[in-house]
Amino acid sequence: MKTNRRSFFAKSLLALGTTIVVQPAKALPLFNINTKTNKKLKLTYKPYTLELQHTFTVATMSRTTTPAVLTEIEYDGVVGYGEASMPPYLGESQESVMAFLKRIDLSKYDNPFDLETILADIDLLAFHNTSAKASIDIALHDLVGKLMGQPWYNIWGFDKNKAPITTFTIGIDKADVVREKTKEAAGFKILKVKLGKENDKEMIETIRSVTDVPLTADPNQGWKDKFYALDMIHWLKDKGVQYIEQPMAKEKYDDHAWLTERSPLPILADESCQRLNDISKIKGAYNGIVIKLMKCTGMREAHKMLTLAKAYNMKVLIGCMTETSCAISAASHLSPMCDWADLDGMLLIKNDLFRGTTVVDGKLTLSDLPGIGVKKV
Ligand code: MG
């Protein structure tokens, strides 16, 4: 055991680029190394526009691009990558993210391993700004993993081989487009169908004319009435749907509780469960939650949400926005402990800048690289 620890310390020192020679007889305090140096954390960032493969339509809106901001945190020559992705309905923009990032002074921290202090300080800088906060959180996790020479699934103690299959999302569209998109998604073992407009049954029937793989459904708050929702869920169950995300408006706690009590399928809170402290508020009204790094401020809080939801015996779906492989790979490190995954965001864009977690035969496949497991392409 001691030998393993020493070899781990030695590896970590190598990763730090330090020339200290490890003496076998002494246990070196790994996490004190950085506090004795004058090395500083340095943040840089730039705007980036994600170009979507197809026009993406959900119950509330339609779009062809997603604004993003890419971050880098450098420490002693090692660089961690992060990303903020801002679907317009969440209220953040490239301008708001960069204005938030401009307020952050990482130079006052000299120990990157002190994630809890750094990220808690940043969270207190301003209310909301969750994707801006996630862009720092992800870059810092990537940096720390690289300094330790370990991917985050190892640091958290998760078995990457237990990463689930991922859904691939079919947005709301005309029947011929839906048919084409479904054919293109032939390699996926499960499809997520956006619902919540007037053509819900047509969407499902069209997909069923192409494939019989299991489906999931996401009305994005689009169903107005709990009786209609319950009827639809029974119909969807017969069509091979496995679970339902956010059927009605996020404020409708009592209606969701009524629906969850009667639904033959699990009901998951997405829009109504943004952050850790939402879980205890919505517990009882839903069977599970949807965790997304962009709405919960990143990997640190997502890990806490996963732990709390499991303590409440709730199901967990790890989801995403349209994102590059940077943020998708970061989220994928939690996936081995999640019930389901919806991490297809990097497959929905044309201009990915990273390579990391991929989808092989429908299953999330995490790289062996340290940190969040990505490299630039
Ligand atoms: Mg959703």
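Residue numbers run from 1 in the order of the sequence given. Order of listing sets the numbers, starting from 1, for every ligand and every atom in it.
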A.B. asks: No waters, cut-off 2.8 Å: how many protein N, O or S atoms are close to the Mg ion (ligand 1)?
C.D. replies: 3
A.B. asks: Could you go step by step and tell me if F158 and Y153 meet the ring-ring contact (aromatic ring centres under 6.0 Å, His included) rule?
C.D. replies: CA-CA 5 Å; F158 299 162; Y153 57 78; 9.0 Å; no
A.B. asks: Tell me whether K237 at atom NZ has more than 12 heavy atoms from other residues, nucleotides or ligands lying less than 6.0 Å away.
C.D. replies: no
A.B. asks: Taking everything shown except M232 itself, do over 12 heavy atoms lie less than 6.0 Å from its CE?
C.D. replies: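 Atom CE in M232 is crowded, with more than 12 foreign heavy atoms closer than 6.0 Å.
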A.B. asks: Mind checking the CD-CD1 spacing from Q246 to I289? Nearest 0.5 Å is all I need.
C.D. replies: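 Between Q246 CD and I289 CD1, I get 12.0 Å after rounding to 0.5 Å.
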A.B. asks: Parallel, tilted or perpendicular: which one describes the rings of W258 and F227, with boundaries at 30° and 60°?
C.D. replies: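 Perpendicular.
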A.B. asks: Is there a continuous path of hydrophobic side-chain contacts, each under 4.5 Å between heavy atoms, that joins I291 to I372?
C.D. replies: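 Yes, it is one cluster - the side chains of I291 and I372 are joined through contacts under 4.5 Å.
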